[in-house]
Amino acid sequence: MCGIVGIVSTSNVNQALYDALTVLQHRGQDAAGIVTYQDDRFYLRKDNGLVRDVFRTRHMRRLVGNVGIGHVRYPTAGSSSSAEAQPFYVNSPYGITLAHNGNLTNADDLSRDLFRTDLRHINTNSDSEVLLNVFAHELQKLGKLTPTKDDIFAAVKAVHKRCKGAYAVIAMVTGYGIVAFRDPNGIRPACYGVRETEEGGHEYMIASESVALNAAGFNLVRDIEPGEAVYIETDGSLYTQQCADKPHLIPCIFEHVYFARPDSIIDKVSVYKARLRMGETLADKVLRERPEHDIDVVIPIPDTSRTSAMQMAHRLGVKFREGFIKNRYIGRTFIMPGQKLRKKSVRQKLNPIDLEFRGKNVMLVDDSIVRGTTCKEIVQMARDAGARNVYFASAAPPVRYPNVYGIDMPSVNELIAHDKTIDEICEMIGADWLLYQDLEDLITCVNDVNPEIEAWECSVFDGKYITGDIDSAYLEKIEALRNDKTKSKQNGDDEDNGIIDLHNDNEND
């Protein structure tokens, strides 16, 4: 999972891009990058780390220009080397940089085709570099010295025909503008907004989530449609065109469960409202299964589950309390490379308030349960704080299958719910009662906010991969890449802290 942003402005965009990436930091904490354009040159800075650590004052001063794109990375299967930080760059044709959120499921085949047929070399293991080269090759095939908007759209159409999987993309073409597009299923989000200048002109921003637009003073225009491309020239002229043959809006439902910020609107769905509904349906399930429940207090696991937990407590008519204090200087355990490190970090990250637990029947609420190791530690923390009974509710259904569309889920054998019943999971995490959201209820929660969405990408819950190209061989390949042993080896062996890129500042911080 990653965050992308692009801006065409009438003044320097470096600070606006930086601010947008900090707002999108929740989408990727592994690496960050910004590239701007001025006087026929790109100015690029990218490296591993948080946005605040990658960009210092000296870097910002060198990121000049009124057009630029940015990226924050949350790596999927593979290496977390700084060589794979984005945006990526190719010099032919024109000079193109690209930032990508998602995952190409046919990246290996495309990489071979690019080398054998298109005569292009891929320098990393990133599917984003593959996508960039596909787009660049299709644009180069047109043979134009000066590309028109129709040429840009033709290249995007060719990308859709060659690439499979999930992708939301922003690319910048030297001297001409930026183009953004979503895959034909709209699995990964992207939207654009406008801001009026004092002179009466218009500036545009494209981003993964609407909250980035709001923070920069841009007004949300709309989401980019599945298969659609948006092209903004450097003078501020904006053009849109549908570039896919059979587009269908089937967005990833996990965005609303976990990844997106609650103040974002994605595909006309308020994430906040969707999570409120998740809390209501969880409460309804409690009342169905245990109408005479003895829950004294509902406590969220910070931070994503807070909205659902609050509404669940309201619906049940019980107290809502903040029972855990979060240390915000500890990274998210979900993305840590090794099981031992992940387990150790839980008590460093959360500290219980004993007063809220002692002698009470506590319902803990989390957005989802993936491995279950964090849940087990949290349940034990609640018991150590004096809870009489510890119940646990997940705002999402059981995560039983791997994700292939850009979410760095663990290997399937490390998913606690993959081959276990609810009772078995409950025993493993040490809870007295475990409650999962039903998938039908989850879909209803988001559809109640926007009934126009006909279907949702729910593969981590139901094992149905909507692109139709996922077989056992592909799943076995990502299984090998995602298990903890492999990740630990990759991260232990990776000593690359430098960066080699066009006009990039390689000084040590």
Side-chain angles (χ1 to χ4, degrees), residues 1-36 45-46 49-57 59-60 63 65-74 86-87 99-101 168-170 172 178 180 182 188-198 201-224 230 232 236 238 255-256 258-275 302-304 306-307 326 328 332 449:
M1 188 63 63
C2 301
I4 58 175
V5 62
I7 300 176
V8 175
S9 179
T10 56
S11 58
N12 281 340
V13 296
N14 53 357
Q15 188 63 52
L17 288 169
Y18 177 94
D19 293 341
L21 291 184
T22 59
V23 173
L24 296 174
Q25 185 77 83
H26 61 285
R27 301 188 65 86
Q29 299 177 334
D30 183 70
I34 290 176
V35 58
T36 59
R45 167 64 181 172
K46 61 179 182 176
L50 299 174
V51 174
R52 69 187 182 201
D53 299 322
V54 170
F55 302 101
R56 303 298 177 89
T57 300
H59 305 132
M60 296 296 289
L63 292 171
N66 298 350
V67 182
I69 64 177
H71 185 268
V72 285
R73 184 184 69 177
Y74 186 146
Q86 297 183 43
H100 162 227
N101 174 32
V169 175
I170 299 178
M172 182 164 58
I178 63 174
R182 292 173 78 182
R188 292 285 151 245
C191 60
Y192 73 94
V194 63
R195 180 174 65 187
E196 290 190 9
T197 65
E198 293 180 358
H202 293 90
E203 301 172 325
Y204 292 97
M205 174 188 281
I206 300 166
S208 294
E209 296 183 31
S210 62
V211 65
L213 308 179
N214 299 336
F218 286 79
N219 296 314
L220 173 66
V221 175
R222 61 177 176 86
D223 298 281
I224 298 175
V230 175
I232 309 169
L238 182 143
E255 290 276 356
H256 297 278
Y258 177 76
F259 277 106
R261 275 182 43 154
D263 45 348
S264 284
I265 297 174
I266 298 177
D267 293 314
K268 301 179 183 178
V269 175
S270 164
V271 177
Y272 180 74
K273 286 186 178 180
R275 290 178 183 168
D303 285 312
T304 319
R306 183 173 289 113
T307 306
K326 184 176 181 180
R328 303 187 184 281
R332 286 155 75 178
V449 184

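- With values rounded to the nearest 0.5 angstrom, Glu209 atom CD is found 6.0 Å from Leu24 atom CG.
- The environment of CZ in Arg222 is crowded: more than 12 heavy-atom neighbours from other residues, nucleotides or ligands sit within 6.0 Å.
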### Message
Evaluate Asp223 against Arg182 for side-chain contact (heavy atoms from CB on, under 4.5 Å), listing each step before the verdict.
### Response
CA-CA 10 Å; Asp223 298 281; Arg182 292 173 78 182; 4.2 Å; yes
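- Nearest heavy atom pair, residue Ile265 against residue Ser270, reads CG1-CA, 4.2 Å.
- In this structure a side-chain-to-backbone donor-acceptor pair under 3.5 Å is present from Arg275 to His256.
- Between the side chain of Thr307 and the main chain of Tyr272, no donor-acceptor pair closer than 3.5 Å is present.
- Separation of atoms CG (Leu238) and CD1 (Ile206) is listed at 7.5 Å; rounding is to 0.5 Å.
- In this structure, the side chain of Thr197 engages the main chain of Gly201 through a donor-acceptor pair within 3.5 Å.
- The two residues Asp263 and Ser210 make their nearest non-hydrogen contact at O-OG, 4.4 Å.
- Proximity of Val5 to Met205: side-chain heavy atoms (C-beta onward) are separated by under 4.5 Å at one or more points.
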### Task
Could you walk me through whether Val230 and Tyr204 pass the side-chain contact (heavy atoms from CB on, under 4.5 Å) test, one step at a time?
CA-CA 11 Å; Val230 175; Tyr204 292 97; over 6 Å; no
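- From Leu21, atom CG reaches atom NE2 of His71 across 9.5 Å, with rounding to the nearest 0.5 Å.
- Judged as a side chain to side chain donor-acceptor pair (under 3.5 Å), and not counting sequence neighbours, Thr36 has no contacts.
- Checking side-chain atoms of Lys46 against main-chain N and O of Ala31 turns up no donor-acceptor pair under 3.5 Å.
- Residue Leu220 comes nearest to Cys191 through the heavy atom pair CD1-CB, 3.8 Å, listed as atom of the first residue, atom of the second, then distance.
- No side-chain heavy atom of His202 sits less than 4.5 Å from a side-chain heavy atom of Arg195.
- Taking the side chain as every heavy atom from C-beta outward, Met1 and Asn101 approach each other to under 4.5 Å.
- In terms of heavy atoms, Lys326 sits closest to Pro302 at CD-CB, 4.1 Å.
- Between the side chain of Gln86 and the backbone N or O of His100, at least one donor-acceptor pair lies under 3.5 Å.
- A donor-acceptor distance shorter than 3.5 angstrom exists from the side chain of Gln25 to the backbone of Gly28, with no hydrogens or angles considered.
- Annotation for Ala180 and Ile224: closest pair CB-CD1, 3.9 Å, computed over non-hydrogen atoms.
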### Query
Would Ile4 and Val169 count as a side-chain contact (heavy atoms from CB on, under 4.5 Å) if you check the C-alpha gap in whole Å, the side-chain angles of each, and the deciding distance to 0.1 Å?
CA-CA 8 Å; Ile4 58 175; Val169 175; 5.7 Å; no
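- Interatomic distance, His26 NE2 to Asp303 CG, rounded to the nearest 0.5 Å: 12.0 Å.
- The line from CD1 of Ile69 to CD1 of Ile34 is 10.5 Å long, rounded to the nearest 0.5 Å.
- Shortest non-hydrogen contact noted between Ala16 and Ile7 is CB-CD1, 3.6 Å.
- Inter-residue side-chain proximity for Arg27 and Arg261 is flagged as unmet; no heavy-atom pair is nearer than 4.5 Å.
- Here the side chain of Asn66 pairs a donor or acceptor atom with the backbone of Asn12 at under 3.5 angstrom.
- Taking CD1 of Ile178 as the reference point, atom OH of Tyr192 lies at 12.0 Å (rounded to 0.5 Å).
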### Query
Passes side-chain contact (heavy atoms from CB on, under 4.5 Å), Thr10 versus Glu203? Steps please.
CA-CA 7 Å; Thr10 56; Glu203 301 172 325; 2.6 Å; yes
